Amino acid sequence: MKKFIFLICCLFLLPHFLTAQTITSPDGNFQMVFRLNEEGTPTYSLTYKGKTVIQESRLGFLIKSGYAFDHNFMITDSQIRESDTIWKPVLGEYREIRDHHNELFIALKQEQTDWLLNLRFRLFNDGLGFRYEFPIQSGLRHFVIEEEETEFRLTGDHLAFWQPADYDTNEYELSTSKLSEVKDLREVVCSEPLAAQSPTERLAVQTPLLMKTKDGLYIHLHEASLVNYAGMHLNLDDSQFILSSHLTPDRNGDRGYIQTNSTSPWRTIIVSDDARDILASTLILNLNEPCKIEDPSWIKPCKYVGVWWEYFTGGPSTWAYTDYQDIRIGETDYSQLKCNGHHGANTQHVKDYIDFAAKHGFDAVLVEGWNEGWEDNWAYHKEVIYSWTRAYPDFDVEELHRYAQSKNVKLIMHHETTSAVTEYERRMHEAFQFMKDNGYDAVKTGYVGPIIPRSEYHDGQWMVNHYNRVAETAAQYQIMVDSHEAVRPTGYSRTYPNWIAQESARGTEFESFRGNHPDHTTILPFTRLKGGPMDYTPGIFEGDLSVYGGKTAKVSTTLAKQLALYVTMYSPLQMAADLKENYEKYPDAFQFIKDVALDWDNSYFLEAEPGDYITIARKAKGKDEWFVGAITDEKARTANIDLSFLPAGKRYVATIYADGRNASWNKNPKSYTIRSRKVTSKTRLQVALAPGGGAAISIRPVK
Ligand code: NOJ
Ligand code: CA
């Protein structure tokens, strides 16, 4: 009997003393091995269909000052469990999302200090997520991270879709090169006139990072649930092809203030041998906490127009009311100043946009330049801090509230902060209350320029907490948030779905500066959009900015591709960004923007290769309607669109908005055709895409 009990005890305790543990994904394609190596350093490795994705890679921390919390560990507990649940996003690409994973939990104790560190790995059919957990313990209550030492040891010189690390911006041009070529190209990209360049000490790139191996594996690295922690960049050792975490510091060089009883974000590795699976992956959302808003029924998809593009076209419109620069906010009496004569956000002009929105069925109108303080914006002198409650004299808040309400249109408020973030935090409650009092339920926030007056960077822990706090506070007021220039998203919109979209990458505005490369939007859905919806602001019909007299830039797409972006760039917040006059010139093409849905029951990733092409079909939520978007880079291509996602045995009408015969993004962007034809689930459409072109299709039942 005693022997038997001893045996049982040994069996029970065995896993705790084993230094290696293995888990597989539910479908068996992935295998992850955790091991404590000879130095007692935690490591992991990952294979997919028998191929190595990540070689044995170290985990741990360097803690201030100079203490290695990364070796001499022993395992004190380990658990394996399977979880298979289904949840419903408030707004999304799917009506339901399955979260099926196998989890390995490891509790560690460092021998010389008795400090505790836990690791949690979750292996899904689309990849791996893991995080550090800092349990409550008597010997360690808080600490400062000098660096997180998570490694991703790759197997070779993969092709990478990357942008250089920068603590303050994610608005670089996207580059495609081998990892070994990043170093040379980085110099070129960073010397661009519009590049920001906050210091990164070593050769480093941003996440989300997509790579493709020589034998056709797609590997996507990012993070999920970035909460109370710094955004992660990746150092690149380009001789051994090792990526390692590079947390954004504050300006004192500290990378995280950690109180125990907390966790790091999840480090995510999405992998497939089919590029479409990367687009379809829900791993990052699955690793975020469920919705924390008890009744999210007020969170609605939103299609909007705005007093916006006119500021970028080179026309005369200005955000500022006056040309006078010597403004002291709170002291300057604007009613005593002369308007410059071309202030965009004036009451009549906004009313015209409200009329346009009402006529064409848009939900809302964004108005930028409505509030005091824009005179100094472009200089970023920060002598001026905006008021978020005082409108310019020619913007009648009450009258516009009344008028918009009478037309059943909402106004979207704009809170540019030029990164005067401390001031914004102080004013946030009164600003949100002012919005509610005047009928606004959505705000576009902005963080242009360096953070003042604090010693912070845009992607550091303090700012991450700020963006999250804005979303959480806005939720208390039932306000939806669209943030620009914030840290790139990590799926937190699952938890706070009122954070309806973000910019956080190069959007359409750059087309007016110098243009995005035609392959830009064939990469973003693989990288930036895996973290969450993007306010890309598509829909530019007049792509030649020279018509406005002030600029020569040309939009890098055909008109038909602008339509396709409403499907390929997922977001429940979508702008029709062009001037209303340009939509009035092309009412037949505009019809697609009016029709397209923003919230979906299901999404079908039909064709995809990063940097080259993407074709996506989606079913509108709760409706018998489907929309398809197909885009290509600078090369002409034929989109092969298999409609087998349609219910069998039913007949539908497809309206196809395609590039005209001689269309091309740079020579003939406005040539398009619109035709209708009957289709069924057996139909295979072939649609020609012009260089820099695209196609958009709406599908409805035959009446
Ligand atoms: C940059 C934003 O991306 C853009 O949309 C906005 O109009 C300007 N900042 C001014 O706030
Ligand atoms: Ca290409």
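Atoms within each ligand, like the ligands themselves, are counted from 1 in listed order. All values derive from a computational prediction rather than experimental measurement.
A distance-only check finds a donor-acceptor pair linking the side chain of Q163 to the backbone of N170 [under 3.5 Å]. Looking at S387, its side chain does come within 3.5 Å of a backbone N or O of T389 through a donor-acceptor pair.
Residue E485 has at least one heavy-atom neighbour below 4.0 Å for each of these atoms of ligand 1: 1 (C), 2 (C), 3 (O), 9 (N). The contact set between ligand 1 and W319, taken as ligand atoms under 4.0 Å from a residue heavy atom, comprises 7 (O), 10 (C). Close contacts between ligand 1 and F312 involve ligand atoms 7 (O) [criterion: under 4.0 Å to a heavy atom]. Close contacts of ligand 1 with V448, meaning ligand atoms under 4.0 Å from a residue heavy atom, involve 1 (C), 9 (N). Counting atoms of ligand 1 from 1 in the listed order, those under 4.0 Å from a heavy atom of W308 are 4 (C), 5 (O), 6 (C), 7 (O).
Between H429 and Y477, the distance separating the two ring centers is shorter than 6.0 angstrom.
Protein atoms of type N/O/S that fall under 3.0 Å from the Ca ion (ligand 2) number 3 in this view.
Under the 30°/60° scheme for interplanar angles, the aromatic rings of W374 and W319 are found to lie parallel.
Summarising the contacts of atom 5 (O) of ligand 1 with H415, K444, E509, E503, the nearest heavy atom is found in K444. Nearest-heavy-atom check against atom 6 (C) of ligand 1 across H414, E368, E171 picks out E368.
Taking only nitrogen or oxygen atoms, main chain and side chain alike, W374 does not reach within less than 3.5 Å of ligand 1.
Under 3.5 Å, the side chains of D277 and S272 contain a donor-acceptor pair of N or O atoms.
Using a non-hydrogen distance threshold of 4.0 Å, Y311 does not register as a contact of ligand 1.
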### Message
Quick one, L579 with E542, criterion side chain to side chain contact (heavy atoms under 4.5 Å, CB included). Give me CA distance, side-chain angles, the key distance, then yes/no.
### Response
CA-CA 9 Å; L579 311 183; E542 181 48 79; over 6 Å; no
Side-chain donor-acceptor contacts of residues 441-450 below 3.5 Å, not counting sequence neighbours, with atom names and distances?
| residue | atom | partner | partner atom | Å |
| --- | --- | --- | --- | --- |
| K444 | NZ | E368 | OE2 | 2.6 |
| Y447 | OH | H466 | NE2 | 2.7 |

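Ion pair R506/E192 flagged as a salt bridge, since at least one NZ, NE, NH1 or NH2 atom sits closer than 4.0 Å to an Asp/Glu carboxylate oxygen.
Pairs engaging residues 159-175 under the salt bridge (charged side-chain N to carboxylate O under 4.0 Å, His left out) rule: none recorded [sequence neighbours left out].
With sequence neighbours left out, E425 forms a salt bridge (charged side-chain N to carboxylate O under 4.0 Å, His left out) with R469.
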